[in-house]
Participant: 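Sharing a structure with you now.
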Amino acid sequence: MPELPEVETIVRSLRPHLRGAVIRDVAAPGGRLRHPVDVEALRLACRGQAIAELRRRAKYILVELSSGTVLVLHLGMTGAFRVVPSAAPAATHERVVWILEDGRSWRFMDPRRFGSVQVCTSLGADGLPAALAGLGPEPLEAGFDGEYLYRRTRGRDRPIKNHIMDQAEVVGVGNIYASEALFRAGISPRRRCGTLSRKALDRLADAIREVLTEAIAAGGTTIDDFRDVDGSEGHFTTNLQVYGRQGQDCLRCGRPGGIRRLVQAGRSTYCCPRCQR
DNA sequence: ATATTCCCCTGGAAGC
DNA sequence: TGCTTCCAGGGGAATA
């Protein structure tokens, strides 16, 4: 569910609620997530600590505590947060609850348990968790452009869609925005990445930055589960040009029923075969 | 090394 | 109504 724009939306929403708040205690009422939730390590790290800052790296949320310890959170496919006025009893699918000194509670729900909540045990030289060291560049920061994509795709053979969803190449692009960016760039998702010209990859880098920026401005995309911290939906859904539109008319060339759905690496891809080569 | 497949888990929608 | 099948925004381990 959450790709870069959704995670960014959530971090921006959480920040004013949580920055400066002091954690009284942590509970893990919901059993294991992707990894077992080490509630003792969480308590040790969090009790009595203020939340100094919240940041996003790739699709991870980093919670920096006043002690310098960092919590590493991931939403998986169905993770969501709420901040509520009291320490209410656990709701359905609630996995981790932080009780704050001011009486509020910060709650993580995740029906499918693909998310994760971990205490970072070692920081790299860049101040980021060492466990995130293998991630590629942020697409909205310097260092990501057509030249970079060109360099990283020479001699590689996989489909370009799989390549841009590889978090070691560029972070934050998931299944929705991969299809959307390739449509905007006029590139077939099945094209072998090593065969793309520098010019085409310039267009693709621009398209990725453009679609992510627009989606952040719209508060993300809600297909089914995604909700902001206040429960609201993302508005970018209405701007999707291909995702979920199989059998509908292409918005660029107008071909009736022009949008196709295909499967790559077990994930749905949407494209217009006439517009994307 | 590189690329693809499978699996984790739960719920909703669609098909019969 | 009820049962079965398919599908889902992610990521990582296990295979080719």
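Lettering follows sequence order; numbering is per chain, from 1.
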Participant: Could you check A:Gln167 against A:Arg112 and say which one's nearest nucleotide on DNA chain C is further toward the 5' end?
Facilitator: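 Result of the comparison: A:Arg112.
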Participant: To the side chain of A:His93, which of B:dC9, C:dG9, B:dG11 is closest?
Facilitator: B:dG11
Participant: From the set C:dG9, C:dA8, C:dG10, return the single nucleotide nearest to any side-chain atom of A:Asp224.
Facilitator: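 Looking only at heavy atoms from C-beta outward on A:Asp224, the closest nucleotide is C:dG9.
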Participant: Without decimals, in angstroms, what is the distance between A:Arg227 CZ and C:dA8 C1'?
Facilitator: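 These atoms are roughly 14 Å apart.
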Participant: Please convert DNA chain B into dot-bracket. A pair counts if it is Watson-Crick or G-U wobble with both distances under 3.5 Å; crossing pairs go in [ ] and bases paired with another strand get |.
Facilitator: .|||||||.|||||||
Participant: Using whole Å, report how far CZ of A:Arg57 lies from C1' of C:dG10.
Facilitator: 16 Å
Participant: How long is the line joining CG of A:Leu75 and C1' of C:dG11, in whole Å?
Facilitator: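 That distance rounds to 13 Å.
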Participant: Quick one: do A:Lys59 and A:Glu3 make a salt bridge, cutoff under 4.0 Å?
Facilitator: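 A:Glu3 and A:Lys59: not salt-bridged.
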Participant: So, A:Tyr177 and A:Glu6: side-chain donor and acceptor under 3.5 Å apart, yes or no?
Facilitator: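 Checked: A:Tyr177/A:Glu6 side chains pair up, N/O donor to acceptor below 3.5 Å.
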Participant: State which residue, out of A:Arg156, A:Glu169, A:Gln264, fulfils the side chain to side chain contact (heavy atoms under 4.5 Å, CB included) condition with A:Asn162.
Facilitator: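 Per the side chain to side chain contact (heavy atoms under 4.5 Å, CB included) rule, the option paired with A:Asn162 is A:Gln264, out of A:Arg156, A:Glu169, A:Gln264.
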Participant: Tell me: CG of A:Leu33 to P of B:dT10, nearest whole Å?
Facilitator: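 Whole-Å distance recorded here is 11 Å.
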Participant: So what does A:Arg95 touch, heavy atoms closer than 4.0 Å: a base, only the sugar-phosphate, or nothing?
Facilitator: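 Result for A:Arg95 = nothing.
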Participant: Any side-chain N or O of A:Tyr243 less than 4.0 Å from the OP1 or OP2 oxygen of C:dG9?
Facilitator: yes
Participant: Nearest whole angstrom, please: distance from the C1' of C:dG10 to the CD of A:Gln118.
Facilitator: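 In whole Å, C:dG10 C1' lies 14 Å from A:Gln118 CD.
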Participant: Would you indicate what A:Thr222 reaches in the nucleic acid, counting non-hydrogen atoms under 4.0 angstrom: base, sugar-phosphate, or nothing?
Facilitator: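 The answer is base, as A:Thr222 lies within the cut-off (heavy atoms under 4.0 Å) of a base atom.
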Participant: Kindly point out which of B:dC8, C:dA8, C:dG9 is positioned nearest to the side chain of A:Arg34?
Facilitator: B:dC8
Participant: Would you say the base of C:dG10 stacks on A:Phe114 (centre-to-centre below 5.5 Å, plane angle below 30°)?
Facilitator: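 It does: the ring sits over the base of C:dG10.
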Participant: Do A:Thr195 and A:Arg191 have side-chain atoms, one donor and one acceptor, less than 3.5 Å apart?
Facilitator: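 Yes.
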Participant: Has A:Arg209 got its NZ or CZ under 6.0 Å from the middle of the six-membered ring of A:Phe144, at an angle within 45 degrees of the ring axis?
Facilitator: no
Participant: From CG of A:Asp225 over to P of C:dC7, roughly how many Å is that when rounded to an integer?
Facilitator: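 The distance from CG of A:Asp225 to P of C:dC7 comes to 17 Å, rounded to the nearest Å.
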Participant: Between A:Ile10 (CD1) and C:dG9 (P), how many Å, whole number?
Facilitator: 17 Å
Participant: Looking only at atom P, what distance separates B:dC9 and C:dA14, rounded to whole Å?
Facilitator: 15 Å
Participant: Below 4.0 angstrom from OP1 or OP2 of C:dA8, is there any side-chain N or O of A:Arg267?
Facilitator: no
Participant: Taking atom types as modelled and ignoring hydrogens, do the side chains of A:Ser268 and A:Arg261 form a donor-acceptor contact shorter than 3.5 angstrom?
Facilitator: yes
Participant: Please determine if A:Arg184 and A:Glu180 form a salt bridge, counting it only when a charged side-chain N lies under 4.0 Å from a carboxylate O.
Facilitator: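 No, no charged N to carboxylate O under 4.0 Å.
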Participant: Relative to each other, are the rings of A:Trp106 and A:Trp98 parallel, tilted or perpendicular (30° and 60° limits)?
Facilitator: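 A:Trp106 vs A:Trp98 ring planes: parallel.
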Participant: With 3.5 Å as the limit, what N/O pairs link the protein to nucleotides 3-7 of chain B?
Facilitator:
residue : atom : partner  : partner atom : Å
B:dA3   : OP1  : A:Asp157 : N            : 2.7
B:dA3   : OP1  : A:Arg158 : N            : 3.3
B:dA3   : OP2  : A:Arg156 : NE           : 2.9
B:dA3   : OP2  : A:Arg156 : NH2          : 2.9
B:dT4   : OP2  : A:Asn162 : ND2          : 3.2

Participant: Within the structure, does a side-chain N or O atom of A:His74 lie under 4.0 Å from either OP1 or OP2 of C:dG11?
Facilitator: yes
Participant: Work out how far the P atom of B:dC6 is from that of C:dC6, and round it to whole angstrom.
Facilitator: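 About 14 Å, rounded to a whole number of Å.
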Participant: Does CZ in A:Arg190 sit with more than 12 non-hydrogen atoms of other residues, nucleotides or ligands closer than 6.0 Å?
Facilitator: no
Participant: What is the distance, rounded to the nearest whole Å, between atom CZ of A:Phe236 and atom P of C:dG9?
Facilitator: 16 Å
Participant: Salt-bridged, A:Asp166 to A:Arg158, with N to O below 4.0 Å?
Facilitator: yes
